[in-house]
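Before any comments, here is the structure.
Quick note: numbers below take in every heavy atom, side chains included, and nothing from hydrogens, waters or symmetry partners.
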Amino acid sequence: MRKKLALKNSGITFLCQIVDVVLQFVIRKLFIIYIGIELLGINSTFTSILGALSVAELGFEGAVIYSLYKPIADNKKEVVEDIIVILKKIYTFVGIFILIAGLIIMPFLPQILKGVNVNIYIYIVYYLQVMSVAVTYFLGYKRTLIYALKLDYIRSIYISSYKLLAAVLHIIMIVSFSSYIGYVLIIFVQNVLTNISIAKYCDKHFDYNFKNKKFNKQYFSKIFKDVKDIFWGRLAGYIYYSTDNLIISALVGTVSVGFLSNYTQIFVQLKFVLNNVLNSNKPIIGELLTQNNSKEYTLKVLQKYTFARYLCSSFFFIPATVLIDCFITTWLSKTYVLPFFITILLTIDLYITFVHGALVDYIAGLGYFSHDKKISIIGAMINIVISVSLVFSLGVPGVLIGTVISQGFFWITRSIIVFKYYFRDLKVSFIKYWIRQIVYMSIFGFNVLICIYILRIIPLEDSYLKFVLGGIISWLIIALINWLFLHKTEEFIYVKNLFMKLRGKLYKSESNT
């Protein structure tokens, strides 16, 4: 049942995300052409500011999801209702806080947006984006319920449907009116309709009653113990994901954020697609870890899960790395191509973030929030100190170096947490884990070098053709090299057999039709 749910969540989420990514690239190109790179930089900076406001959520969602695993598995309906009501109250407070805090930040926008004439137009657009974030918290507790019930594919369908409609309206708004305000207003309406539709689905299909429910102080105190620890992880996540743009905007220039955001958009969208595909299965992992399974079994699950993340990163991140300049040229123009060193730093950051995500999911599923809190604080400090120290001498690459170093710190320390506190009886497993990771990283790096060499000797001037042919060649090289080095491993055999079963089911369903 877990496998079926995992495949259903992953498959539908993946298809929804692919459609969304394609549309986002089209919209971004039109945005640059009709609205401009400066406003794109401003938009990216606003996103970072709003990320800071969202930290007000404190990590309640993560704590609530963890608290829901067992009562859902045990079918304790009243306990689920009590916990969700707590999240409902918190989310209402967070939404109101964001609206107020957004107003307080407004006078500081001229200092944040270096080289930008901050006028009434900029203020209006900024606060529309504040409202767009705030409304996601009203009725947002029902999105969390669907996720905890392991039915994330339903949420993905609703979100993607409204994103598709919004994308069409965005294209019309940008091309016909070149209106940044109209662009942001569409996002606001999209968020409102998405929340209302998901809430109505919950009311119709799930027999939970949240009306007239009292605030359960006992459950709140239990959840708040985890929240105090999760908050630091949330804060570190914000520092990692959002402060780069703020540092670059304030110390280098807002236009530089616009140029970098074209690259980060590509990598972030790839990570977003893959993370959403795999993150939809977090509740399944959480349920697995709350049950009395043997440590040897859950270790094998971790190994296979990590390997699946490694394979995904190989087949998506390597082609992106070697072809990103070609893509930028085809998508936008050569004017927006950045030094290859920046691409390498973004790739390293992306690889570490994605592959060690398996450990992050285990920590969340095990409820090791207090252990994760300490390393979150230290990692956040490492990121800020190194980024600010290097930005003056190295510019944008200096900020990215700080991010990569902090992510490496997170990976090492989180592996220590999982193997010290959960797999403590399997002492050799920690060493074996890192031997595997060194092997994976080496193969990944070797794949990058081979792909770069092969693609550089392809005598093609047409960027469209080179991009398509380069992608096919990269995938063939990656498949061959991974097979040569890993085809005898248990993880590879497992993934291969899983793929063969899927192909067999697809073939059978086609034959029946």
> Would you say the side-chain atoms of Y362 pair up with the backbone N or O of L302, donor to acceptor, closer than 3.5 Å?
Replying inline: yes

>> Can you confirm if the aromatic rings of F410 and H356 lie within a centre distance of less than 6.0 Å?
In response: no

>> When you compare the side chain of L311 with that of F315, does any pair of heavy atoms fall below 4.5 Å?
In response: yes

> Under 30°, 30 to 60°, or over 60°: which ring-plane class applies to F419 and Y433, parallel, tilted or perpendicular?
Replying inline: tilted

>> What I'd like to find out is whether the side chain of Y351 reaches to under 4.5 Å of the side chain of Y440, using heavy atoms alone.
In response: yes

> Would you say the side-chain atoms of T298 and Y422 include a donor-acceptor pair closer than 3.5 Å?
Replying inline: yes

> Any chance the side chains of D361 and Y305 put a donor and an acceptor closer than 3.5 Å?
Replying inline: yes

> Would you say the side chain of F444 lies within less than 4.5 Å of the side chain of T347, judging by non-hydrogen atoms?
Replying inline: yes

> Is the distance between the ring centroids of F138 and Y91 under 6.0 Å?
Replying inline: no

> Do NZ/NE/NH1/NH2 and the carboxylate oxygens of E491 and K300 come within less than 4.0 Å?
Replying inline: no

> Would you say the ring centroid of F317 lies under 6.0 angstrom from that of F354?
Replying inline: yes

> Between N119 (side chain) and I122 (backbone), is there a donor-acceptor pair under 3.5 Å?
Replying inline: yes

>> If I compare all heavy atoms of Y126 with all of G102, which pair ends up nearest, and what's the gap?
In response: OH-O, 2.9 Å

> Got a donor-acceptor contact below 3.5 angstrom from the N191 side chain to the S132 backbone?
Replying inline: yes

> Any sub-3.5 Å donor-acceptor pair from H170's side-chain atoms to Y183's backbone N or O?
Replying inline: yes

> Just by modelled atom types, is the T136 backbone N or O under 3.5 Å from a matching donor or acceptor in the R143 side chain?
Replying inline: yes

>> With a 3.5 Å distance limit and no angle check, can you tell me whether S387 reaches the backbone of I384 through a side-chain donor-acceptor pair?
In response: no

> Quick one: does R414's side chain have a donor or acceptor within less than 3.5 Å of a partner on W411's backbone?
Replying inline: no

>> Do K77 and D207 make a side-chain contact, defined as non-hydrogen atoms from C-beta onward lying under 4.5 Å apart?
In response: yes

> With a 4.5 Å heavy-atom cut-off, do V118 and I112 have their side chains touching?
Replying inline: no

> Quick one: do the T194 and Y158 side chains pair a donor with an acceptor below 3.5 Å?
Replying inline: no

>> Tell me if a side-chain donor or acceptor on S406 pairs with a main-chain N or O of N383 at a distance below 3.5 Å.
In response: no

> Does any non-hydrogen side-chain atom of I416 lie less than 4.5 Å from one of Y421?
Replying inline: no

> Can the ring centres of F423 and F430 be said to be less than 6.0 Å apart?
Replying inline: no

